[in-house]
Amino acid sequence: MGLSWTHDPFDRLIAAHAIVADAPLITADRTILAHLPLAIWD
């Protein structure tokens with residue numbers, strides 16, 4: 001999966017980790033929420 005929606009290395013790291021682990025990523029970051037289906041905020 002390409003992570004071209006961000007140039008922030010930390011965003012890429014945590015997003016990639018969630019993808020590899022197939023685990024939800026709990027975040028309030030609107031950019032991550034908009035581009036990463038595993039991201040949730042409730």
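Heavy atoms only: backbone and side chains are in, while hydrogens, waters and symmetry mates are out. Just so it is clear, the model here is predicted, and its values are computed rather than measured. FYI, the numbering just counts along the sequence from 1.
Taking both residues in full, the closest heavy atoms of Asp29 and Thr27 are given as N-OG1, 3.0 Å, listed atom of the first, atom of the second, then distance.
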Residues 12-21, side-chain donor-acceptor partners within the protein, below 3.5 Å, at least two apart:
from: Arg12; atom 1: NE; to: Thr6; atom 2: O; distance (Å): 2.8
from: Arg12; atom 1: NH2; to: Thr6; atom 2: O; distance (Å): 2.8

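At a threshold of 4.5 Å between non-hydrogen side-chain atoms, the residues Asp11 and Thr31 do not count as touching.
Hydrophobic clustering, defined by side-chain heavy atoms of Ile, Leu, Val, Met, Phe, Trp and Tyr closer than 4.5 Å, groups Leu33 together with Ile26, Ile40, Trp41.
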